[in-house]
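Presented below is the structure to which this report refers.
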2 protein chains.
Amino acid sequence: MAKNCRFAVAVHIATLLALVGDKPASSEWISTSVNTNPVVVRRILSALAKAGLVRSSRGIKGGSVLSKAPADITLLELHRAVDEKDPPPLHNQQPNQQCPVGKNIQRVLTSVLERASKASDAMFADTTLAEVVADIERDA
Amino acid sequence: MAKNCRFAVAVHIATLLALVGDKPASSEWISTSVNTNPVVVRRILSALAKAGLVRSSRGIKGGSVLSKAPADITLLELHRAVDEKDPPPLHNQQPNQQCPVGKNIQRVLTSVLERASKASDAMFADTTLAEVVADIERDA
DNA sequence: TTAATGGTAATTACCGTAATTACATTTAGA
DNA sequence: TCTAAATGTAATTACGGTAATTACCATTAA
């Protein structure tokens, strides 16, 4: 398997935690809904904990709970918690710096990509976990 | 090498073509600015040609030229010409359809991701190749 | 006829990712 | 205090997307 699905799994997990409320959910239980390995779930939970979005406790009766109300968690927070922060270099080989285009293209592209990324982030920031939960409850 | 840099290379190539105007540019020459293999350049050019953005001719004195004015080519067109059209599935394993969350999360996520993608595309649509060229000429 | 060019298939190598295994650590409760 | 259930995390494996490269055919102007 290869495709990055951390964001999708993070939203999935957060939605489950929102639904069970204060009861700590185990990675084992979560993994049966996501249909993946419990370790994968724990890795995502670990990233969410570092971002202050969940709290996890060990031992019997341990598990994870949200540390904020679903209405106060945006999808942008979930996205930033699990995905790479700094964008990778645009080209693989550095373009020819002797060529005016090669010398400047990365600066120009970075600016455009940043605007696109900000626009995309605004959409994620505009959706809360509570809305996702409401949408899912509507059908379920 | 692994990272997808087709969009960056496509903009790079299109900018070069815009600068040389009517003179057909060879993949060999383009590759020295991009600093990659001529075949990689030809593959991108092939995609751009399929999208109607460039015309290529074979043989001696052959090469590629833009088929539209730079002011009439948006970065969105370049992006769509070279990148995958349909988004891949969100999860790797299908979520548990017995769970309300597993059953509905993909529909909800798809909707959010589509909004984010549209917002991002709007930024690309808002920038023309002519603007990129102008930006590069400003420094060069 | 030749040399320069694009078109494209096939192969290779690399790298990010999820999946899996293994094991240490923590914790509640009998 | 012992045990069972849970997290934390490192190490390894396998897969898949990508660029790079090679090879070869087709086209074209001189």
For atom [atom1] of [X] and atom [atom2] of [N], their distance in whole Å:
| X | N | atom1 | atom2 | answer |
| --- | --- | --- | --- | --- |
| B/D83 | D/dT18 | CG | C1' | 12 Å |
| B/E84 | D/dT18 | CD | C1' | 11 Å |
| B/E28 | C/dG7 | CD | P | 15 Å |
| B/I44 | C/dG6 | CD1 | P | 15 Å |
| B/K23 | C/dT5 | NZ | P | 10 Å |
| B/H91 | C/dT17 | NE2 | P | 17 Å |
| B/H12 | D/dA19 | NE2 | C1' | 16 Å |
| B/K3 | D/dA20 | NZ | P | 14 Å |

Can [X] and [Y] be counted as having a side-chain donor-acceptor contact under 3.5 angstrom?
| X | Y | result |
| --- | --- | --- |
| B/S120 | A/S120 | no |
| A/D83 | A/N4 | yes |
| A/S27 | A/R42 | yes |

Practice task
Report, as yes or no, whether the 6.0 Å neighbourhood of atom NZ on A/K61 holds more than 12 heavy atoms from other residues, nucleotides or ligands.
Solution key: no
Exercise for the section: For atom NZ of A/K118, decide whether the heavy atoms of other residues, nucleotides or ligands shown that lie under 6.0 angstrom number more than 12. Expected result: no
Exercise for the section: Show the numbers, then the answer: is there a salt bridge (Lys or Arg N to Asp or Glu O under 4.0 Å) between A/D135 and A/R138? Expected result: CA-CA 5 Å; A/D135 195 345; A/R138 197 171 308 140; 3.5 Å; yes
Problem - First of B/S26 and A/N35 reached from the 5' end of DNA chain C, by closest nucleotide - result: B/S26
Practice task
State which of C/dA19, D/dT7, D/dT18 makes the closest approach to the side chain of A/T36.
Solution key: C/dA19
Problem - Annotated protein contacts, base or backbone, on nucleotides 21-30 of chain C with a non-hydrogen cut-off under 4.0 Å, one of B, S, - each - result: BB--BBBB--
Practice task
Answer with base, sugar-phosphate or nothing: what part of the nucleic acid does B/A25 contact at a heavy-atom distance below 4.0 Å?
Solution key: sugar-phosphate
Exercise for the section: Please work out whether the ring planes of B/H79 and B/F124 are parallel, tilted or perpendicular, with thresholds of 30° and 60°. Expected result: parallel
Handout entry: Under-4.0 Å side-chain N/O to phosphate OP1/OP2 contact, B/N4 with D/dT18
Key = yes
Handout entry: N/O (side chain, B/S46) to phosphate O (OP1/OP2, C/dG6) under 4.0 Å
Key = no
